[in-house]
Amino acid sequence: WCNIRKPGKAIEILYEMIDVGYAPSNRTYNTLLDAFCNDGQVDEALKFFKFMKARGCVQSVPTAKSYSIQIVALAHSGRIEEALTLLGEMRNNGCIPDVATYTEIIEGFCIAGKLDEAFKVLDEMREKGYPPDIVTYNCFMKVLCRLRNVVEALRLFDRMVEAGCLPSNHTYNMLIKMFCDMGQLYMAYDLFNNMEKKGCAPDASTYCTLIKGLFDNARVEEAFSCLMDVTEKNMRLP
RNA sequence: ACGGCUGAUAGUG
């Protein structure tokens with residue numbers, strides 16, 4: 001808890017705590033790991049991780065989360081091979097990857113443009129009894145929307161619903177953006193109207209996406225009226 | 001009150 005977003009300072013404090021004979025908890029270690037990762041200091045995180053392992057006391061033994069935290073950081077920085085190595089180590093140390101961990105690996109492959117590998121992971125997690133959840137689906141949706149692959153994106157949308165996994169705000173927002181970027185505002189509106197009906201309230205991101213889409217497609221008046229709607233709802237746009 | 005998914009602008013590089 002004593003961690004602000006200054007991992008450099010925080011680690012000093014942690015070392016001090018240890019010197020004085022105080023044993024930081026598991027969460028403290030993980031929080032610090034995460035702080036390094038969020039600050040883009042992935043290598044510092046890895047270094048600190050080695051320290052954790054080297055200490056060999058109960059509290060510093062990595063948990064599944066310790067691994068997960070670093071896997072996502074590696075995946076996000078395109079270091080998918082290292083993420084996989086870490087996943088292997090995680091298993092060897094008796095930590096069980098969960099849906100989130102698998103999803104992180106999937107995202108890593110998607111970022112690296114290796115969609116086929118991502119699908120393999122999906123199969124693997126299914127085999128192990130971890131069905132994909134909303135975030136997993138959204139990772140795939142993200143790539144499909146980026147590629148503007150309308151057919152596959154909509155197919156995935158249907159499959160989510162069939163699988164009983166209700167599309168979230170994120171799902172809708174990505175699709176709406178794709179249609180805006182493609183100039184298919186009709187489709188964007190369609191989704192927008194649909195989400196309310198399905199009990200998924202548009203959020204600030206939704207409006208941002210839609211309003212920008214309208215502007216970019218030279219439909220300024222509609223953009224303004226959309227903006228009025230937002231202000232009426234007292235929603236604060238970032 | 002330790003981890004995974006979405007928009008935009010500005011800034012930084």
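Residue numbers start from 1 in every chain, and the chains themselves are labelled A, B, ... in the order their sequence lines are given, proteins ahead of strands. What you see is a predicted model, and the numbers here were worked out from it, not measured in a lab. Values reported hereafter were calculated over all heavy atoms of this structure, with side chains retained and with hydrogens, waters and symmetry mates removed.
- With hydrogens and angles ignored, no donor-acceptor pair closer than 3.5 Å exists between the side chain of A:T209 and the base of B:G7.
- Using a 4.0 Å cutoff on non-hydrogen atoms, no part of residues 188-200 of chain A comes near RNA chain B.
- A:K177 comes within 4.0 angstrom of the backbone, heavy atoms only, and of no base.
- The stretch residues 103-113 of chain A participates, sequence neighbours left out, in these side chain to side chain donor-acceptor pair (under 3.5 Å) pairs: A:S68-A:E104, A:H76-A:E107, A:T103-A:T136, A:E107-A:K142.
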Pairing string, 5' to 3', for RNA chain B - Watson-Crick or wobble contacts under 3.5 Å, brackets [ ] where pairs cross, | to another strand:
.............
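- Side-chain contact between A:N138 and A:I134: present, with at least one pair of heavy atoms (C-beta onward) separated by less than 4.5 Å.
- A:N173 CG to A:T206 OG1: the interatomic distance, rounded to the nearest 0.5 Å, is 3.5 Å.
- The side chain of A:V135 sits closest to B:G4 out of B:G4, B:G3, B:U6.
- Among the nucleotides B:U6, B:C5, B:C2, the one closest to the side chain of A:C139 is B:C5.
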Check: residues 44-51 of chain A side-chain donor-acceptor pairs under 3.5 Å, at least two apart:
none

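- The ring pair (Phe, Tyr, Trp, His ring centres under 6.0 Å) test applied to A:Y102 returns A:Y130, not counting sequence neighbours.
- Using a 4.0 Å cutoff on non-hydrogen atoms, the parts of residues 71-85 of chain A near RNA chain B are A:V72, A:H76, ordered by number.
- The closest side-chain donor-acceptor pair between A:D98 and A:T101 falls under 3.5 angstrom.
- Cluster annotation: A:I111 and A:V121 are assigned to distinct hydrophobic clusters (Ile/Leu/Val/Met/Phe/Trp/Tyr, side-chain heavy-atom contacts under 4.5 Å, transitive).
- By the side chain to side chain donor-acceptor pair (under 3.5 Å) test, A:R155 is found to be paired with A:E152, residues two or more places apart in sequence or in another chain being considered.
- Sorted by first and then second residue, the salt bridge (charged side-chain N to carboxylate O under 4.0 Å, His left out) pairs with a member in residues 124-133 of chain A read A:R91-A:E124, A:E124-A:K128; sequence neighbours excluded.
- In terms of the ring pair (Phe, Tyr, Trp, His ring centres under 6.0 Å) criterion, A:Y137 has no residue partners (sequence neighbours excluded).
- Distances shown here put a side-chain N or O of A:K142 below 4.0 Å from the OP1 or OP2 atom of B:U6.
- Near RNA chain B, defined here as any heavy-atom distance below 4.0 Å, the residues from residues 91-117 of chain A are A:D98, A:V99, A:A100, A:T101, A:T103, A:E104, A:E107, listed numerically.
- As judged by a 4.0 angstrom heavy-atom cut-off over every strand, A:D133 is placed among the base-contacting residues.
- Atom P of nucleotide B:A1 and atom CG of A:N30 are separated by 16 Å, given to the nearest angstrom.
- In this structure, CG of A:L32 is placed 15 Å from P of B:C2, rounded to the nearest angstrom.
- Taking the six-membered ring for Trp and the full ring otherwise, the centers of A:F192 and A:F179 sit at least 6.0 Å from each other.
- Evaluation of the salt bridge (charged side-chain N to carboxylate O under 4.0 Å, His left out) test over residues 178-194 of chain A, restricted to residues two or more places apart or in two chains, returns A:K177-A:D181.
- Among the atoms of the strands shown, base atoms are found under 4.0 Å from some heavy atom of A:T136.
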Under 3.5 Å, side-chain donor or acceptor atoms of residues 219-228 of chain A against the rest of the protein: list the pairs with distances, not counting sequence neighbours.
| from | atom 1 | to | atom 2 | distance (Å) |
| --- | --- | --- | --- | --- |
| A:R219 | NE | A:E222 | OE2 | 2.8 |
| A:R219 | NH2 | A:E222 | OE1 | 3.0 |
| A:R219 | NH2 | A:E222 | OE2 | 3.2 |
| A:E222 | OE1 | A:Y189 | OH | 2.8 |
| A:S225 | OG | A:E222 | O | 3.2 |

Report the C-alpha separation of A:M187 and A:V150 in whole Å, then their side-chain angles, then the decisive distance to 0.1 Å, and conclude whether the side chain to side chain contact (heavy atoms under 4.5 Å, CB included) test is met.
CA-CA 11 Å; A:M187 290 298 289; A:V150 179; 5.7 Å; no
